[in-house]
Protein chains: 2
Amino acid sequence: MELQLVNERRRGPYAAKRLSEFAARCRRGGLAVTPQRLAIIKALLGSGEHPRADAIFAAVRMQHPHISLATVHRTLETLCEIGEARKVTMLHDSARYDGNITPHHHVVCVKCRRIRDIEIPRLDRLLAGQSELGEFTVLGSSLEIHALCEECGAKRAKANRTGKPRR
Amino acid sequence: MELQLVNERRRGPYAAKRLSEFAARCRRGGLAVTPQRLAIIKALLGSGEHPRADAIFAAVRMQHPHISLATVHRTLETLCEIGEARKVTMLHDSARYDGNITPHHHVVCVKCRRIRDIEIPRLDRLLAGQSELGEFTVLGSSLEIHALCEECGAKRAKANRTGKPRR
DNA sequence: ACCTAGGTGATAGTGATTATCATCTGGTTA
DNA sequence: TAACCAGATGATAATCACTATCACCTAGGT
Ligand SMILES: [Mn+2]
Ligand SMILES: [Mn+2]
Ligand SMILES: [Zn+2]
Ligand SMILES: [Zn+2]
């Protein structure tokens with residue numbers, strides 16, 4: 001009741017709604033609505049697998065045999081930037097190691113990737129009781145809080161004040 | 001009180017204790033205690049930065065100018081395998097994209113990397129009230145539950161029964 | 001001191017992602 | 001509707017974190 005797998009059935013209607021709004025959202029974000037972008041968001045919304053770029057590429061290729069893998073990478077990144085998609089983890093680029101093996105969680109600055117330890121006793125208690133989750137046997141968990149550190153927050157605020165582009 | 005940064009001061013004593021037990025733990029894991037391994041765990045325990053392999057390499061080089069970057073990568077991986085270190089996220093190899101932008105979390109099979117959505121309303125409520133965390137401005141969060149899926153769990157059980165190596 | 005399984009250093013290879021750049025096109029304008 | 005052009009795409013090279021290989025070395029047991 002507290003912690004449950006999301007029902008796969010929900011995805012169909014959700015995807016349809018998102019797809020119908022996509023063109024408008026692109027324009028709002030200043031992006032052209034290209035057949036490639038439509039095909040990519042469609043493939044992404046149609047999958048519950050949290051696919052990699054190459055899987056999207058394979059799917060999209062069936063309708064757009066000339067599409068480039070680079071376009072798929074670029075577009076997925078762009079979709080994340082305008083908030084139409086997300087990465088499952090923002091720390092996929094290079095491994096970050098931790099000598100602290102006591103159970104704890106992390107805050108990550110989305111801009112400079114600074115990481116600090118946090119403790120959330122209530123979360124640990126909540127998860128302690130869960131050994132099964134649908135077809136999964138739970139082994140452990142880690143929470144990643146996305147944040148802006150003081151330094152990066154200050155930089156961004158200053159950039160806004162002086163009218164510079166904010167990313 | 002519910003969710004707080006871990007005090008940096010704790011790291012000193014913790015590192016000292018871990019370091020003093022390190023040789024024994026290596027032997028228990030069937031690993032030789034080499035100067036390189038000692039230097040690497042020392043550097044890792046001495047850092048609160050959740051460093052990358054190259055940062056560890058730079059630190060260790062000061063005392064071991066001949067150490068190889070490959071050794072640093074290998075050793076960090078080995079330390080994770082024997083439980084003396086961990087990666088901040090297990091999904092750093094290639095990006096996984098998600099078309100579902102509603103707030104939700106994930107279960108990840110540690111073996112086959114299958115990912116499924118989960119909902120944890122209580123966690124979302126807990127975090128909803130947090131907009132500041134020490135010097136960080138909270139933007140969002142995602143919980144990654146590490147698990148074994150049914151299929152991989154079955155495979156592992158079978159391998160154990162027939163006496164095959166389990167990884 | 002000697003042996004050997006396992007560890008290391010040097011280096012080549014891999015694979016995902018990014019950069020470059022010539023060409024093309026969505027969407028605005030006249 | 002045609003002409004225009006900022007931005008998008010495709011082809012391809014480059015990058016970069018990480019892994020594989022292999023000859024040599026050494027920790028730890030005899
Ligand atoms: Mn940590
Ligand atoms: Mn998801
Ligand atoms: Zn920052
Ligand atoms: Zn699995």
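Comparing dA11(D), dG28(D), dA8(D) by their closest approach to the side chain of L31(A) singles out dA8(D).
Rounded to a whole Å, the CD1 atom of I82(A) is 15 Å from the P atom of dG7(D). In this structure, the CG atom of L38(A) is 11 Å from the P atom of dG26(C), given to the nearest Å. Distance CG (D54(A)) to P (dA16(C)): 6 Å, rounded to an integer number of Å. L76(A) places its CG atom 11 Å from the P atom of dT18(C), with the value rounded to the nearest Å. dC18(D) atom C1' lies 16 Å from atom CZ of R96(A), rounded to whole Å. Computed from coordinates, the H73(B) NE2 to dC16(D) C1' distance equals 10 Å when rounded to whole Å. Taking atom CZ of residue R27(A) and atom C1' of nucleotide dT28(C), one finds them 12 Å apart after rounding to whole Å. We find that CD of E77(B) is positioned 17 Å from C1' of dT8(C), with the value rounded to whole Å.
E49(B) CD: 12 or fewer foreign heavy atoms inside a 6.0 Å radius. When the shell of 6.0 Å around CZ of R61(A) is examined, it contains 12 or fewer heavy atoms from other residues, nucleotides or ligands.
Counting any heavy atom pair closer than 4.0 Å across all strands shown, R37(B) reaches sugar-phosphate atoms only and no base atom. Residue-level contact check: A32(B) touches the backbone only, with heavy atoms under 4.0 Å from sugar-phosphate atoms and none from bases. Using a 4.0 Å heavy-atom cutoff across all strands shown, I67(B) reaches sugar-phosphate atoms only and no base atom.
Using a 4.0 Å cut-off, some side-chain N or O of T34(B) falls inside it from OP1 or OP2 of dT8(C). Using a 4.0 Å cut-off, some side-chain N or O of T71(B) falls inside it from OP1 or OP2 of dG9(C). Using a 4.0 Å cut-off, no side-chain N or O of Q36(B) falls inside it from OP1 or OP2 of dT26(D).
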Exercise. Decide yes or no on side-chain hydrogen bond (donor to acceptor under 3.5 Å, both in side chains) for D117(B) and H50(A), but give the supporting numbers first.
Key: CA-CA 9 Å; D117(B) 291 340; H50(A) 303 82; 2.8 Å; yes
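The base of dG10(D) sits within donor-acceptor range of the side chain of R74(A), with an N or O pair under 3.5 Å.
By the 4.5 Å heavy-atom criterion applied to side chains, L143(A) and E144(B) are not counted as neighbours. Counting only heavy atoms from C-beta outward, the side chains of F136(A) and H146(B) never approach each other to under 4.5 Å.
Map P35(B) and R52(B) each onto its nearest nucleotide of DNA chain D; the residue landing nearer the 5' end is R52(B).
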